[in-house]
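These values consider heavy atoms only, across backbone and side chains, with no hydrogens, waters or symmetry-generated copies.
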Amino acid sequence: MNKKLGICALALLFAWPAAAQNELQRVLESVEQNNLSLQAEQYAVQGRSHEARMGNSLDPLSVSYESVAEGGMPVGKAGEMEISQEFALPMLYAARNRKARTLASQYEAEYLALRQQTLLEAKEVYLELCTLHAIASINRPRMEAATHLANLYENRYQSGDATLVDKNRAEFEELLLRESLSAVDLRIIELEQRLTTLNGGQPLECTYAMPPQETLSPIDVLQQDWEAYAPDLTAARLQAEAAGADVKVSRREALPRIGLGYKYTYGAGEYDNGLTAGLSIPLFSNRHNVKRAQAFERAAQAEAEAAVVEKRNTVAELYTKADYAGRLLEAFVSMPDANDYVGVLVRLLESGQMNIIDYYSELDTLYQTLETRLRTDLAYRLGVARLHVIYL
């Protein structure tokens, strides 16, 4: 029997963190599916990808017809009709196709960057809500104790066993604590509404149990993974690649174009027909096109390099903050049990071994330390979440 009870206890111990982790995963999956900005961006990516491919279509088919009056014949008895199509050389279409594929990949990477930032915001909101619910939870006994003491000192004041100062101090502490908890409640309402907005306006049913703490990856691993997998860096590199493809397109647009067609002429009972051919040479229209494309290519390359440098610095800064919060969090491990400590303080106060000023001073120190621990834990979790966003 004892063995079975032990197994059940272990199952309950590990079920709560697993359930909390599953709830966070469920929230992120729901936001990814329902977020309206992500849905709009998906359609925009499709539209921009089709727009990029539009530039590689054939020129419009040219059809012309001319009706003339010839040799005294009425209009319509003589005329000419011509159908023609202009073609670029195959290498131009190949260059345009490569550019279109690169742009489509760039747009997809930009969508992935937006997706990651949206999911990161949802995760940050969820983690803060977990912390705020925990802060509200640890302050409920404090609020009950403050109300109890306010009533106690009201009775003692009425019986002459306490001074007006003691009575007022107890009432003021209760009011200040109630105001502080009201601020927490209002922040919870604000964040829950934000989470609903991120979820496409659909409310989420959550218990807001804090998920297991993530382990911070080494800085060198994070730097390598960010440079390899960060979608915004991928988009910047693809933008530079597309600019290079545009240079090739602009150079090949300077090549001659071939025009092929069919011509039919009729009049005075006779008609002629045959094929036509022509050559279009853009001597002047493409004069500045290559220089323009080369300038944009250099700009895109510089932007991609700048994005990598900026990202390295950002990762280093985030890592420093998260590591500092993690080391600061270790200092709270040796804290005494809050409920036991509060019980000792209440017994000392009620027995007269501690005055109300010392009691509230000790109580404020305890709860401020507890709240600081929770907020430090949140700072660490947010730092890790921002660094691990590339794994979402």
Side-chain angles (χ1 to χ4, degrees), residues 10-33 35 38 112-138 187-188 191-192 194-195 198-199 204-234 311-335 370-392:
L10 286 174
L12 289 173
L13 179 64
F14 289 106
W16 178 80
Q21 183 65 38
N22 290 337
E23 181 175 85
L24 173 58
Q25 188 63 34
R26 177 177 61 84
V27 167
L28 296 182
E29 290 174 354
S30 180
V31 169
E32 182 176 6
Q33 179 180 355
N35 185 267
L38 290 180
L112 293 176
L114 177 63
R115 170 190 170 276
Q116 283 190 353
Q117 291 304 310
T118 302
L119 294 183
L120 174 60
E121 183 181 358
K123 188 174 182 178
E124 289 175 339
V125 170
Y126 179 85
L127 291 176
E128 186 174 351
L129 280 168
C130 291
T131 299
L132 292 175
H133 278 282
I135 289 174
S137 178
I138 65 172
R187 180 60 177 167
I188 288 174
L191 290 176
E192 286 181 342
R194 180 55 187 164
L195 194 59
L198 290 171
N199 195 44
L204 286 160
E205 296 294 332
C206 299
T207 60
Y208 297 114
M210 184 66 81
Q213 196 177 83
E214 295 182 65
T215 302
L216 184 61
S217 301
I219 181 63
D220 55 340
V221 174
L222 287 169
Q223 290 284 17
Q224 293 173 6
D225 288 348
W226 271 84
E227 292 187 29
Y229 306 124
D232 52 346
L233 294 183
T234 301
K311 196 65 68 177
R312 287 173 184 166
N313 293 334
T314 300
V315 171
E317 179 182 350
L318 289 174
Y319 185 88
T320 300
K321 291 180 178 179
D323 182 63
Y324 178 79
R327 287 186 282 109
L328 186 61
L329 196 59
E330 295 174 358
F332 293 96
V333 174
S334 59
M335 277 191 62
L370 290 173
E371 185 170 335
T372 300
R373 181 178 66 178
L374 288 172
R375 294 192 181 277
T376 303
D377 177 70
L378 175 63
Y380 174 76
R381 291 174 182 272
L382 291 178
V384 175
R386 289 160 186 163
L387 286 166
H388 290 182
V389 65
I390 53 172
Y391 306 129
L392 287 177

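T320 places a side-chain N or O within donor-acceptor distance of the main-chain N or O of A316, the cut-off being under 3.5 Å.
Side-chain contact between I219 and V315 is present, with heavy atoms from C-beta onward closer than 4.5 Å. Contact of the R375 side chain with the I135 side chain is registered, since non-hydrogen atoms from C-beta on lie closer than 4.5 Å. Between N199 and N35 the shortest side-chain heavy-atom distance does not fall below 4.5 Å. Using a 4.5 Å cut-off on side-chain heavy atoms (C-beta onward), T376 and R373 make no contact. Annotation: side chain of T234 is not in contact with side chain of Y229 (no heavy-atom distance under 4.5 Å). Side-chain atoms of W226 and T314, non-hydrogen and from C-beta on, never get closer than 4.5 Å to each other. For the pair N313 and E317, the minimum side-chain heavy-atom distance is 4.5 Å or more. Taking the side chain as every heavy atom from C-beta outward, L204 and E192 never approach each other to under 4.5 Å.
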Just list the side-chain donor-acceptor pairs under 3.5 Å for residues 205-213, sequence neighbours left out, or say none.
residue, atom, partner, partner atom, Å
T207, OG1, E23, OE1, 3.4
T207, OG1, E23, OE2, 3.1
Q213, NE2, D377, OD1, 2.8

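Around atom OH of Y324, no more than 12 heavy atoms belonging to other residues, nucleotides or ligands sit under 6.0 Å away.
Rounding to the nearest 0.5 angstrom, the gap separating the CD1 atom in I390 from the OG atom in S217 is 8.5 Å. The distance from the CG atom of L132 to the CG atom of L378 is 8.0 Å, given to the nearest 0.5 Å. From K311, atom NZ reaches atom CG of L318 across 9.5 Å, with rounding to the nearest 0.5 Å. Here the CG-NE2 distance, from D225 to H388, works out to 9.0 Å after rounding to the nearest 0.5 Å. To the nearest 0.5 angstrom, T118 atom OG1 is 4.0 Å from L38 atom CG. The distance from atom CG of L382 to atom CG of L387, rounded to the nearest 0.5 Å, is 11.0 Å.
No donor-acceptor contact under 3.5 angstrom links the side chains of Y380 and D323, judged on distance only.
Among all heavy-atom pairs drawn from A122 and V31, the shortest one is CB-CG2, 4.0 Å. Closest heavy-atom contact between L120 and L392: N-CD1, 4.0 Å. For the pair P231 and Q116, the tightest heavy-atom approach, listed with the atom from each and the gap, is CD-OE1, 3.3 Å.
Using a 4.0 Å cut-off between charged side-chain N and carboxylate O, E128 and R187 make a salt bridge.
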Worksheet entry | Evaluation steps, side chain to side chain contact (heavy atoms under 4.5 Å, CB included), between R115 and E32 | CA-CA 7 Å; R115 170 190 170 276; E32 182 176 6; 2.8 Å; yes
